[in-house]
Amino acid sequence: MLESYLRSRLSEKEILLMTHIVLGYPTFEDSFKIIQAMVKGGVDLMELQIPFSEPIADGPVILHANQKALALGTTVNKCFDFAQKVTRTFDIPFLFMSYYNILFKYGVDRFAADTADGHLRGAIVPDLPPEEGQDYLKAMEKHNLAPIFIFSPTTTAERMKYIASFAQGFIYCVARKGVTGVDTDFSGQLERYLARCRKATGLPLALGFGVKDKEDIDFLRGKVDIAVIGTQTIRLVEKEGVGVVEEFIKNLTE
Amino acid sequence: MIERGYYEGFGGAYLPEILIVTFDELVETFQKAKSDPSFWQEYTEIMSTYSCRPTPLTFAENLTARFGGGRIYIKREDLNHTGAHKANNVMGQGLLVKRMGKTRVIAETGAGQHGVATATMAARFGFKCTIYMGEVDMERQRPNVFWMERLGAEVIPVLEGTRILKDAINEAFRDWVTNMDTTHYVLGTACGPHPFPEMVAYFQSIIGKEARKQILKYEERLPARIYACVGGGSNALGIFSGFLDDPVELVGVEAAGRGLNSGQHAARLCSEDASIGVAQGYKTYFLQNSDGQMKETHSVAAGLDYVGVSPILAQLKESGRVRFEATTDRQVVDALSLTIRKEGLIPALESAHAFAQAFKEASTLSKDDIILINQSGRGDKDIFTVADAFADPKWQEFIKNKAEQYHA
């Protein structure tokens, strides 16, 4: 169970770190090296994004990574093969992240079965609200996988409870309106929103969108259980190469 | 969510969580407006005093004689203000924006007609306006970009993906998820998440309501066939909706581009390159590969090369109520040329697809039959594309001289 893993990690560490990469970007070889560096740096869990041609919830950095990965020949099958290699090599939980069409075309049940066979722990599908996700929920349950759902600052208290009733593992709280990769205002407003999230669910809370440095993570300490770093690590790899990733991750939660 | 519009399995609302509240508000506003009898009255009033409704039905005497088959009538949506059926949808959504108390509108545009119509509506209602347009489409449709900017809109070139309509839609969604408190996304066609397909089809149904009344007045009978081009599908749904319960054959015409086997087309309902998928917030037929990645599309008409299609049309195809055909760029340019010469009408390249298909079939009908073609827009915006297609030497000379003037 993903949740029990998270709970046990949280008994040793005040805030956990989840990172995100786009599979096949810049290459699968580099994806592997980035994961290796992140695990060495002390990351607690990771999202592996299967690239999609229309990633509407992602900002320019992740959008480009999706497009380039596809242009270089990344396919869903290659992502599954790669993920299996990753879970065999590294001892942290991995989740798939993608858009619903990828699951739909692959076959939702087959997607869940192969995700479980690959020893991944769950999936994040940002364009699939629970209302449209009955097949997905059934498949995830059948294969003992965690469907990660999302809260946003616009989600009402009533809807947070509704979403939480389907969620497993943890809840991904989006820090602000907008897409990934834009600065977030870490302030009292965010704190109040997180308090609302906490009230709606007993599951661990992750916060993503705009988390980029140690200062942000220090702010989140005690307010959420997992900080999610997405765009920032892609920017870092683009600017300074894979070599700096381990040190960057290490410094974040020290 | 209040309701999640499905058309026998097509449609739905596959939305990022951040937009759910915004869509709830939109669904509620639209449903209230729709059940308020004064709303349609307010809408038709503004369309008759600000646009040019009812648009006429023109008997195409010369084309009828040329083909020697059915009597050809043309529904003149090109005479709407801003030159296309797009005005019907944007003015309707503009009234909803007023009801919601929002102050800014955004839109995507392919051919530019929807962008011009939205910028016009924004100018009239006093809204701020941003238009997203693929870089490729901006190059193809510069005259429309010029007008959007004159109307006070900010036109943002989209450099992502294939740099055409679908990419402009993604960018508009990205803007919306940031600014939904003040902003309404005026989606241009009967696609996207619920309630857009229903809402756009509702506003466009004014075309079919008028056309039915007009043809019965002129001919005292219904047409045998109705032809409309299909990009997203809003003009087709608009005219078809007036005749869905009648014994009338409805024909939707897609862009076969360089041919259905060329890989360079935009035929989602009559090619094997398309399959059912979920993208841009709804389930329909998309031109996509087996992994679910969207393919590149092509059409000489910027407004038709969209990768998806209205879920309502997808359902009408499955149920067999609408027949779908596709016609090539070459056939379209020929049909355009013939229509200009024979009738003095200049349909948009999009609309010319409907003409091309009707011309293929006109002579097979009897002289008593009536053919109705929806001329969804006017073609002056296409002057650069059409002049290229005709390789018009005088036009090329003009452009060359103009360019030299700017260099001087």
Side-chain angles (χ1 to χ4, degrees), chain A residues 50-60 63-64 66-67 69-71 74-79 98-108 111 125-133 149-156 159-160 162-163 171-182 209, chain B residues 1-4 6 11-25 158-163 166-183 192-194 275-284 286-296 307-308:
Chain A
I50 301 176
F52 180 43
S53 57
E54 325 295 314
I56 59 169
D58 284 306
L63 166 68
H64 283 148
N66 274 261
Q67 286 171 351
L70 291 173
T74 299
T75 62
V76 177
N77 284 335
K78 281 185 192 169
C79 290
S98 198
Y99 289 84
Y100 184 55
N101 201 43
I102 297 295
L103 284 70
F104 180 78
K105 289 297 287 182
Y106 194 81
V108 172
F111 185 93
V125 188
D127 61 344
L128 189 69
E131 289 90 340
E132 302 285 8
F149 280 102
I150 294 170
F151 285 174
S152 87
T154 59
T155 311
T156 60
R159 188 168 168 81
M160 279 184 179
Y162 170 74
I163 292 169
I171 294 274
Y172 189 125
C173 305
V174 169
R176 52 163 167 72
K177 294 166 186 171
V179 291
T180 56
V182 181
F209 279 43
Chain B
M1 296 290 288
I2 293 157
E3 197 196 348
R4 310 190 80 95
Y6 268 100
Y14 296 81
L15 291 167
E17 182 56 34
I18 193 90
L19 279 175
I20 298 276
V21 173
T22 305
F23 270 76
D24 281 350
E25 180 193 17
V158 176
L159 311 175
E160 313 301 343
T162 48
R163 293 172 292 130
K166 79 169 174 64
D167 309 293
I169 291 178
N170 290 337
E171 281 308 305
F173 269 113
R174 289 191 181 99
D175 181 320
W176 207 14
V177 296
T178 314
N179 301 302
M180 66 276 212
D181 293 346
T182 57
T183 300
H194 176 69
S275 60
I276 297 171
V278 179
Q280 301 193 325
Y282 69 115
K283 187 187 280 188
T284 191
F286 287 98
L287 281 163
Q288 58 184 331
N289 70 16
S290 57
D291 264 1
Q293 313 292 358
M294 298 302 139
K295 287 184 179 172
E296 289 201 17
V307 74

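Throughout, protein chains are lettered first and strands after them, A, B, ... in sequence-line order, and every chain is numbered starting at 1.
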Undergrad: How about Arg159(A) and Val21(B): do any of their side-chain heavy atoms sit closer than 4.5 Å?
TA: no

Undergrad: Quick one: does any side-chain atom of Asn101(A) pair with a main-chain N or O of Gly292(B) as donor and acceptor, under 3.5 Å?
TA: yes

Undergrad: Let's go through Glu54(A) and Val307(B) carefully: what are the C-alpha distance in whole Å and the side-chain angles of both, what is the deciding distance for side-chain contact (heavy atoms from CB on, under 4.5 Å) to 0.1 Å, and is it a yes or a no?
TA: CA-CA 11 Å; Glu54(A) 325 295 314; Val307(B) 74; 5.7 Å; no

Undergrad: Quick one: pull up CE in Met160(A) and CD in Glu17(B) and give me the separation to the nearest 0.5 Å.
TA: 8.5 Å

Undergrad: What part of Phe52(A) lies closer than 4.5 angstrom to a heavy atom of chain B: side chain, backbone, both or neither?
TA: both

Undergrad: Given a strict heavy-atom distance threshold of 4.5 Å, which part of Ile50(A) is in contact with chain B: side chain, backbone, both, or neither?
TA: neither

Undergrad: Taking it one step at a time, do Ser53(A) and Gln288(B) satisfy side-chain contact (heavy atoms from CB on, under 4.5 Å)?
TA: CA-CA 10 Å; Ser53(A) 57; Gln288(B) 58 184 331; over 6 Å; no

Undergrad: Among Leu19(B), Val177(B), Ile18(B), find the one that has a side-chain contact (heavy atoms from CB on, under 4.5 Å) with Ser152(A).
TA: Ile18(B)

Undergrad: Tell me, out of Gly12(B), Ala279(B), Gly277(B), who's got the most heavy-atom pairs with chain A below 4.5 Å.
TA: Gly277(B)

Undergrad: Is Pro129(A) in contact with chain B via its backbone, its side chain, both, or neither, using a 4.5 Å heavy-atom distance?
TA: both

Undergrad: Please classify the contact between Gln67(A) and chain B as side chain, backbone, both or neither, with a heavy-atom cut-off of under 4.5 Å.
TA: side chain

Undergrad: Can you tell which of Val174(A), Asn66(A), Asp58(A) has the highest number of heavy-atom pairs within less than 4.5 Å of chain B?
TA: Asp58(A)

Undergrad: Checking Ser290(B) against chain A: side chain, backbone, both or neither under 4.5 Å from a heavy atom?
TA: backbone

Undergrad: Does the side chain of Glu171(B) reach to within under 4.5 Å of the side chain of Pro60(A), using non-hydrogen atoms?
TA: no

Undergrad: Which heavy atom of Val76(A) sits nearest a heavy atom of Asp291(B), and at what distance?
TA: N-OD2, 2.8 Å

Undergrad: For Ile56(A) and Asn170(B), work out which heavy atoms get closest and say how close.
TA: CG2-OD1, 3.1 Å

Undergrad: For Leu63(A), is it the side chain, the backbone, both, or neither that has a heavy atom closer than 4.5 Å to a heavy atom of chain B?
TA: side chain

Undergrad: Relative to chain A, which segment of Asn179(B) carries a heavy atom at a distance below 4.5 Å: side chain, backbone, both, or neither?
TA: neither

Undergrad: Determine whether a donor-acceptor pair (N or O, by modelled atom type, separation under 3.5 Å) exists between the side chain of Gln293(B) and the backbone of Pro51(A).
TA: yes

Undergrad: Once rounded to the nearest 0.5 Å, what's the spacing between atom CD of Glu131(A) and atom CD1 of Ile20(B)?
TA: 5.5 Å

Undergrad: If you look at every heavy atom in Phe104(A) and Ile276(B), which pair is closest and at what distance?
TA: CE2-O, 3.3 Å

